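Report on one structure; see the data block that follows.
A quick note: this is a predicted structure, and the numbers were derived from the prediction, not measured. Order of the sequence lines sets the chain letters (A, B, ...), proteins ahead of strands, with each chain counted from 1.
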Protein chains: 2
Amino acid sequence: MTPKTNPRTIQAVGITLEVIDYLHEHDRARVTEIADALDRSKGTIHCHLATLLEKEHVVKDGDDYQLSLRYLELGERVKDRLGIYDVVTDELSDLAEQSNELVQFATEEHGKGVYLYKKGGERAVQTASSIGKREYLHCTSLGKSILAHYPRERVEAIIDRHGLPGYTPNTTTSSTELFEELETIRDRGYAFDDEEKIEGLRCVAAPVKAGEDEVLGAVSISGPSSRMTGDRYREELPDMVSRSANVIEINAKFS
Amino acid sequence: MTPKTNPRTIQAVGITLEVIDYLHEHDRARVTEIADALDRSKGTIHCHLATLLEKEHVVKDGDDYQLSLRYLELGERVKDRLGIYDVVTDELSDLAEQSNELVQFATEEHGKGVYLYKKGGERAVQTASSIGKREYLHCTSLGKSILAHYPRERVEAIIDRHGLPGYTPNTTTSSTELFEELETIRDRGYAFDDEEKIEGLRCVAAPVKAGEDEVLGAVSISGPSSRMTGDRYREELPDMVSRSANVIEINAKFS
DNA sequence: GTCTCCGTTTGGAGCACACAAACAATTTAG
DNA sequence: CTAAATTGTTTGTGTGCTCCAAACGGAGAC
């Protein structure tokens, strides 16, 4: 498919990024701990941390290292760049109140869905996902509603990269099946997730588009299967997410 | 003073961090632009960006590169780690409403003040500072109220590193003078900024402490000198920030 | 006291990185 | 429309940087 001679990559930088990821996942860590985890010598990790410290990307507290507040700054900047963040938060607050369920907004990056905002209604389910979390696209309503509006070759590239892992009996793991489903979703305007990622959880999602081709992200409502039934699941909630997605679309144009 | 043999640092990592900083400051950039700015060859920057891309720390849009949403995730995690973020936002909302001025919260890192939250009251002044922004400590009320509770040698280390640059005629640029002022602040419990950073802007700040030694940060109120006069400037507002700082202190213990 | 575990430093060998130059693909000039 | 000028990308190459292993020094543990 893609002959793609591997682009030359820099080992030292790779190690540092692994160190950053490790600190991200463990909050704080010491030299030996990281060295063991990444299978590198203590001296190597020490040098990398010293570099990160000099550039103020980490903070040293005794012998513990943690990511510095610089990442707060970087995160804020990335968030501002999105442009639609404020619109999304406003609209999703309303939607959470209306539906009394968990509502979320996600966008695609590097072939995965990235959750940008979530807001729980009064009786909303708790989920592990939070801001910045990454998730497969093929097994969530958010993901499928985004993929439905991508050109076929882009979807194929994503499948090539990440595959179609199955989580429950309902997960779509065949690409031909997925493409059929995406077509239905594109025509209908919204996507369902009937316990495809987590058993007992049903979701509905609608895409937020900018123009004809570009997809900014998607809005979803999630709830326990016991509450997501009949007309509510098949009509009311789809209407609600579609309306919300539309509101965001319109407001996004003016920001 | 500090013989401090320079800890060995990794050049390649340094370059990548400079690339990240450049992308942070310019939102999006191309290879040649970055190469020129950092005075490196195109090929070099290309390799670094390729590495960042593979590790999904940047996104490529045509020939433009930008920081990926991964930094949103990293930023959220760093924010969560602080632990007092929610307490601060709640309390500062109240304080902004009460005072009708700009209120801010900052903490110290690498010898600079880092703004974590700001909230404008109804008539609040606009400032350039926003979340994550770094500022010298010696010329702001926030900074001075933090420094006042640091041991002398720690303050000296910070002065050694960053100096005492002057911004207005009122800026304290002498270290002996600064130490005298810090003593007064420590005894009094709050700090003033009388147009020491920006002409026409006065501020009051009080520290948020955890135990005897540790300083979590500081709360400040800022406003135009014309409104910050007499008893309001000298008594009312200091009382308000002190009370707010206290509320945060107490709530921080339980989180 | 010794022992063991840290973090840090050092020396050295191998190869990875940064450069320059060639290449390809667009865009601009004319 | 062609030619020239910029792009981004690739490749080859030498140097000097990185990574490792081992030694060092300090902090607890017992």
Side-chain angles (χ1 to χ4, degrees), chain A residues 1-23 26-68 110 153 157 161, chain B residues 1-23 26-68 110 153 157 213:
Chain A
M1 294 289 108
T2 30
K4 196 78 170 218
T5 74
N6 16 327
R8 228 191 297 203
T9 185
I10 296 171
Q11 190 195 32
V13 175
I15 294 175
T16 283
L17 295 181
E18 284 175 27
V19 170
I20 291 173
D21 282 352
Y22 188 90
L23 287 174
H26 294 77
D27 268 11
R28 47 170 58 223
R30 335 187 65 181
V31 173
T32 315
E33 179 186 345
I34 302 174
D36 289 346
L38 304 185
D39 204 32
R40 295 279 170 185
S41 76
K42 282 190 299 175
T44 301
I45 299 302
H46 181 76
C47 284
H48 282 264
L49 285 170
T51 311
L52 285 167
L53 189 62
E54 200 198 47
K55 287 290 198 309
E56 301 186 357
H57 279 240
V58 300
V59 176
K60 190 176 178 183
D61 175 23
D63 283 335
D64 279 349
Y65 291 86
Q66 12 183 355
L67 294 179
S68 84
H110 284 291
E153 53 275 14
R161 175 153 186 190
Chain B
M1 293 293 106
T2 29
K4 196 79 171 215
T5 73
N6 16 328
R8 231 193 291 203
T9 184
I10 297 170
Q11 191 194 33
V13 174
I15 294 175
T16 282
L17 295 180
E18 283 175 28
V19 170
I20 290 173
D21 282 352
Y22 188 91
L23 287 174
H26 294 77
D27 267 10
R28 46 169 59 221
R30 337 186 64 179
V31 173
T32 318
E33 180 187 343
I34 302 174
D36 289 346
L38 303 185
D39 203 32
R40 296 279 169 183
S41 75
K42 282 190 299 176
T44 300
I45 299 301
H46 181 77
C47 284
H48 282 265
L49 285 170
T51 309
L52 285 168
L53 189 63
E54 200 197 48
K55 287 290 197 307
E56 301 187 357
H57 279 240
V58 301
V59 176
K60 191 175 177 183
D61 175 22
D63 283 336
D64 280 348
Y65 291 86
Q66 14 183 355
L67 294 180
S68 83
H110 285 293
E153 52 275 15
D213 312 322

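- Listed by first residue number, the stems of DNA chain C with at least three Watson-Crick or G-U pairs below 3.5 Å are C:1-5 with D:26-30, C:7-23 with D:8-24, C:25-30 with D:1-6.
- B/Thr51 contributes atom OG1, which lies 8.0 Å from atom CG of A/Leu17 (distance to the nearest 0.5 angstrom).
- If you take CG of B/Asp64 and C1' of C/dT26, they are 15 Å apart, rounded to a whole angstrom.
- In this structure, A/Lys60 places its NZ atom 15 Å from P of C/dC6, rounding to the nearest Å.
- Side-chain atoms of B/Val59 and B/Leu67, non-hydrogen and from C-beta on, never get closer than 4.5 Å to each other.
- When the P atom of C/dC6 is taken as reference, atom CG of A/Asp63 falls 11 Å away, rounded to whole Å.
- Counting only residues at least two apart or on different chains, no salt bridge (Lys or Arg N to Asp or Glu O under 4.0 Å) pair has a member in residues 37-46 of chain B.
- Going from atom CD of B/Glu33 over to atom P of D/dT6 covers 16 Å, rounded to whole Å.
- For B/His46 and C/dA20, the NE2 to P distance is 17 Å, given to the nearest whole Å.
- Take A/Arg28 and apply the side-chain hydrogen bond (donor to acceptor under 3.5 Å, both in side chains) test, not counting sequence neighbours, and it matches A/Asp61, A/Asp64.
- When the P atom of C/dT9 is taken as reference, atom CG of A/Leu49 falls 13 Å away, rounded to whole Å.
- Listed by first and then second residue, the ring-ring contact (aromatic ring centres under 6.0 Å, His included) pairs that reach into residues 26-66 of chain B are B/Tyr22-B/His26, B/His57-B/Tyr71, sequence neighbours excluded.
- Sorted by first and then second residue, the pairs that involve residues 47-58 of chain B and meet salt bridge (Lys or Arg N to Asp or Glu O under 4.0 Å), not counting sequence neighbours, are A/Arg134-B/Glu56, A/Arg161-B/Glu56.
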Worksheet item: How does each nucleotide of nucleotides 17-30 of chain D score, in 5' to 3' order, for protein heavy atoms under 4.0 Å: base (B), sugar-phosphate only (S), or none (-)?
Response: SSBB----------
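- Residue pairs meeting the salt bridge (Lys or Arg N to Asp or Glu O under 4.0 Å) criterion with at least one partner in residues 13-22 of chain B, sequence neighbours excluded, are A/Arg70-B/Asp21.
- The side-chain hydrogen bond (donor to acceptor under 3.5 Å, both in side chains) search around B/Asp36 returns none, not counting sequence neighbours.
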